[in-house]
Engineer: 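Structure provided below as structure tokens; questions to follow.
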Amino acid sequence: MLSYQDMFNFIKTLQFFHILLKQRVDGVQIEEHHLTLENGVEMPIDVYDYKTHPKGYIVFVHGKNRPGYRDPRGIAFCKAMAHYGYRVIAPSYQRISNLQINIDVVNDVVFSINDILHKTDLVPTQQLAIFTVSYSGTIALHAAAKPLINQHISAFCTIGSSSSFVRSCRHALSEKGCTDIYARLIFLRALFHYSKDKDDALDKALVCAIDDDFAKHQTHDLTDYLTTLPTEQAQQYQHIVDNIMHTDHYLTQYQDVIDDLENRLTRSSDLHDLRCKIALIHSVKDKIFPPAESAAMYDDFTRMGIETKMVITPLLDHVDANFSLRKIKDIWRLINVFSFFFKHV
């Protein structure tokens with residue numbers, strides 16, 4: 001039997017999805033602010049507010065793409081959560097937008113949240129939640145466990161994420177794993193970047209290929225860049241990109257790089273130090289990280305005694321909220337997990 005409060009939260013969450021699907025939200029104000037982080041990084045942030053006094057505070061850690069905090073998909077979530085009654089703070093994580101995978105990215109999230117917590121005009125309660133997507137969920141999870149901020153994080157929600165760099169990388173680059181070219185290129189770039197074979201020209205070629213894929217090949221950055229290189233070098237780079245679906249050998253060739261990044265990224269944080277409620281949402285048809293990743297995280301967090309809710313749903317496509325409201329049972333499960341998150345913000 002649902003309590004009155006649970007039923008109220010359920011109805012409000014249903015309204016949240018209605019607003020999210022409309023892709024049009026009236027009355028949400030967006031203001032730009034700036035942070036100067038402890039590590040010297042200058043960071044713009046967008047602050048989303050609705051007409052009412054905020055009933056809670058959410059930091060949105062955007063996905064790994066060029067638009068970053070201005071990605072229309074992220075903006076849609078931020079506006080819908082603001083309309084729900086929360087103040088949503090969306091920092092611009094430059095290293096994430098630049099497609100980097102390193103410990104500095106985790107530190108940027110930690111330092112930005114710490115700075116936000118000390119701005120009483122933004123978060124007077126010194127408590128907030130984190131909402132994030134895809135590989136940024138891996139980054140934000142390890143940030144949320146850091147002692148500098150872990151006591152101030154009340155809830156954490158991620159869509160389509162993983163908690164392990166090794167598992168993510170192996171799935172992304174294995175022959176029978178990830179079918180998403182964008183993700184494959186990002187992980188392959190990380191391996192090349194941190195290996196002894198680091199090649200700045202190849203790094204730029206891979207970034208161009210990533211940008212072309214994100215733009216659905218409406219841009220021709222890679223082709224334009226390769227014309228500036230010697231023919232043999234350009235052909236070598238083109239061969240790497242053309243064979244992006246056949247990358248198993250890199251997993252063996254760069255095993256030392258994978259282990260090093262795992263140690264610096266994933267094992268640098270003890271997830272036992274998480275103090276927040278966790279909501280895990282995953283598409284059953286996710287092409288980047290398999291839903292088994294969320295299932296593994298759910299098992300791990302449950303063993304740690306962290307209260308966690310999970311839903312693996314056919315209603316989402318990785319992180320896109322373009323689903324049908326006709327599947328009532330699946331909608332109920334999805335709303336139940338979102339409602340759990342909102343309840344603890």
Side-chain angles (χ1 to χ4, degrees), residues 40-42 62-71 92-108 134-136 138-139 165-265 287-289 318:
V41 172
E42 293 286 333
H62 61 75
K64 195 173 283 296
N65 55 56
R66 292 299 198 192
Y69 73 142
R70 297 283 172 83
D71 184 336
S92 173
Y93 294 107
Q94 198 61 46
R95 285 187 243 258
I96 296 180
S97 295
N98 287 342
L99 316 174
Q100 294 180 28
I101 296 177
N102 57 43
I103 192 63
D104 291 332
V105 180
V106 176
N107 291 335
D108 285 347
S134 193
Y135 189 72
S136 292
T138 312
I139 294 163
F165 174 79
V166 163
R167 289 203 307 266
S168 300
C169 187
R170 288 200 167 282
H171 179 72
L173 297 179
S174 64
E175 204 97 346
K176 297 180 181 177
C178 174
T179 59
D180 187 88
I181 291 174
Y182 185 81
R184 281 179 171 265
L185 286 166
I186 286 177
F187 278 96
L188 185 59
R189 182 200 176 208
L191 297 193
F192 284 144
H193 185 78
Y194 291 102
S195 75
K196 62 180 183 299
D197 303 324
K198 182 180 177 182
D199 176 342
D200 290 339
L202 172 58
D203 187 74
K204 184 170 181 179
L206 288 173
V207 169
C208 289
I210 291 166
D211 288 343
D212 284 348
D213 189 78
F214 185 78
K216 302 190 185 304
H217 300 284
Q218 293 178 7
T219 60
H220 305 284
D221 292 355
L222 178 61
T223 302
D224 293 344
Y225 175 60
L226 292 182
T227 61
T228 69
L229 300 177
T231 302
E232 186 177 343
Q233 191 178 20
Q235 289 174 345
Q236 177 195 351
Y237 296 168
Q238 186 69 62
H239 178 78
I240 290 171
V241 173
D242 289 346
N243 287 275
I244 193 62
M245 299 307 292
H246 307 285
T247 50
D248 270 8
H249 60 287
Y250 293 122
L251 294 172
T252 303
Q253 184 178 347
Y254 294 113
Q255 183 61 56
D256 58 332
V257 178
I258 295 171
D259 290 342
D260 182 54
L261 281 168
E262 173 77 353
N263 285 327
R264 285 194 281 164
L265 285 168
K287 296 186 296 182
I288 297 177
F289 301 128
H318 190 49

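Since this is a predicted model, take the numbers as computed values, not measurements.
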Engineer: With sequence neighbours left out, which residue pairs that include part of residues 224-241 fulfil the salt bridge (Lys or Arg N to Asp or Glu O under 4.0 Å) condition?
Structural biologist: none
Engineer: Tell me, please, which residues at least two apart from Ala190 pass side chain to side chain contact (heavy atoms under 4.5 Å, CB included).
Structural biologist: Ile101
Engineer: The criterion is salt bridge (charged side-chain N to carboxylate O under 4.0 Å, His left out); which residues satisfy it with Asp260, sequence neighbours excluded?
Structural biologist: Arg264
Engineer: Rounded to the nearest 0.5 Å, how far apart are CG of Asp256 and CG of Leu261?
Structural biologist: 10.0 Å
Engineer: Between Leu173 and Leu191, does a side-chain contact (heavy atoms from CB on, under 4.5 Å) hold up when you go through it step by step?
Structural biologist: CA-CA 11 Å; Leu173 297 179; Leu191 297 193; 3.6 Å; yes
Engineer: Donor-acceptor pair, Asn243 side chain versus His239 backbone, under 3.5 Å?
Structural biologist: yes
Engineer: Looking at Lys64 and Gln100, would you say the former's side chain and the latter's main chain have a donor-acceptor pair under 3.5 Å?
Structural biologist: yes
Engineer: What are the two closest heavy atoms between Ser174 and Asp248, and how far apart are they?
Structural biologist: CA-OD1, 2.9 Å
Engineer: side-chain contact (heavy atoms from CB on, under 4.5 Å) for Leu99 and Tyr182? Distances and angles first, verdict last.
Structural biologist: CA-CA 11 Å; Leu99 316 174; Tyr182 185 81; 3.6 Å; yes
Engineer: For the CG atom of Leu226 and the CD atom of Gln235, what is their distance to the nearest 0.5 Å?
Structural biologist: 10.0 Å
Engineer: Using the side chain to side chain contact (heavy atoms under 4.5 Å, CB included) criterion, which residues pair with Gln253? Sequence neighbours excluded.
Structural biologist: Asp197, His249, Tyr250
Engineer: Working to the nearest 0.5 angstrom, can you tell me the gap between Leu222 CG and Gln238 CD?
Structural biologist: 5.0 Å
Engineer: Shortest non-hydrogen contact from Ser136 to Gly63?
Structural biologist: OG-CA, 3.6 Å
Engineer: With sequence neighbours left out, write down each residue that passes side chain to side chain donor-acceptor pair (under 3.5 Å) with Thr247, or none if nothing qualifies.
Structural biologist: Arg184
Engineer: Do the side chains of Ile181 and Met245 get nearer than 4.5 Å, heavy atoms only?
Structural biologist: yes
Engineer: Would a line drawn from the ring center of His62 to the ring center of Tyr93 be shorter than 6.0 Å?
Structural biologist: yes
Engineer: Any sub-3.5 Å donor-acceptor pair from Asp221's side-chain atoms to Asp212's backbone N or O?
Structural biologist: no
Engineer: Which heavy atom of Ser97 sits nearest to which heavy atom of Gly68, and what is that distance?
Structural biologist: OG-CA, 3.5 Å
Engineer: Provide the closest heavy-atom pair for Leu251 versus Cys169 in the form atom of the first, atom of the second, distance.
Structural biologist: CD2-O, 4.0 Å
Engineer: Ignoring hydrogens, what is the shortest heavy-atom contact between Cys208 and Tyr225? Give both atom names and the distance.
Structural biologist: SG-CB, 4.0 Å
Engineer: What residues, two or more places apart in sequence or in another chain, satisfy side chain to side chain contact (heavy atoms under 4.5 Å, CB included) together with Gln255?
Structural biologist: Arg170, Ile258, Asp259
Engineer: If the condition is salt bridge (charged side-chain N to carboxylate O under 4.0 Å, His left out), which residues does Asp211 pass it with, not counting sequence neighbours?
Structural biologist: Arg66
Engineer: State, to 0.1 Å, how close Ala183 and Ala172 come at their nearest heavy-atom pair, and which atoms those are.
Structural biologist: O-CB, 4.5 Å
Engineer: Applying side chain to side chain contact (heavy atoms under 4.5 Å, CB included), can you list everything that pairs with Ala215, at least two apart in sequence or on another chain?
Structural biologist: Thr219
Engineer: Applying ring-ring contact (aromatic ring centres under 6.0 Å, His included), name anything that partners Phe187, two or more places apart in sequence or on another chain.
Structural biologist: Tyr135, Phe165
Engineer: Nearest 0.5 Å, what's the CD1-CZ distance between Ile139 and Arg95?
Structural biologist: 11.0 Å
Engineer: Could you pull out all residues at least two apart from Asp180 that satisfy salt bridge (charged side-chain N to carboxylate O under 4.0 Å, His left out)?
Structural biologist: none
Engineer: Measure the spacing between CD1 of Ile210 and CG of Leu188 and express it to the nearest 0.5 Å.
Structural biologist: 8.5 Å
Engineer: Can you name the residues that form a salt bridge (charged side-chain N to carboxylate O under 4.0 Å, His left out) with Asp213, not counting sequence neighbours?
Structural biologist: none
Engineer: Got a sec, which residues hit side chain to side chain donor-acceptor pair (under 3.5 Å) with Tyr194, two or more places apart in sequence or on another chain?
Structural biologist: Asn102
Engineer: Once rounded to the nearest 0.5 Å, what's the spacing between atom CD1 of Ile186 and atom OG of Ser134?
Structural biologist: 8.0 Å
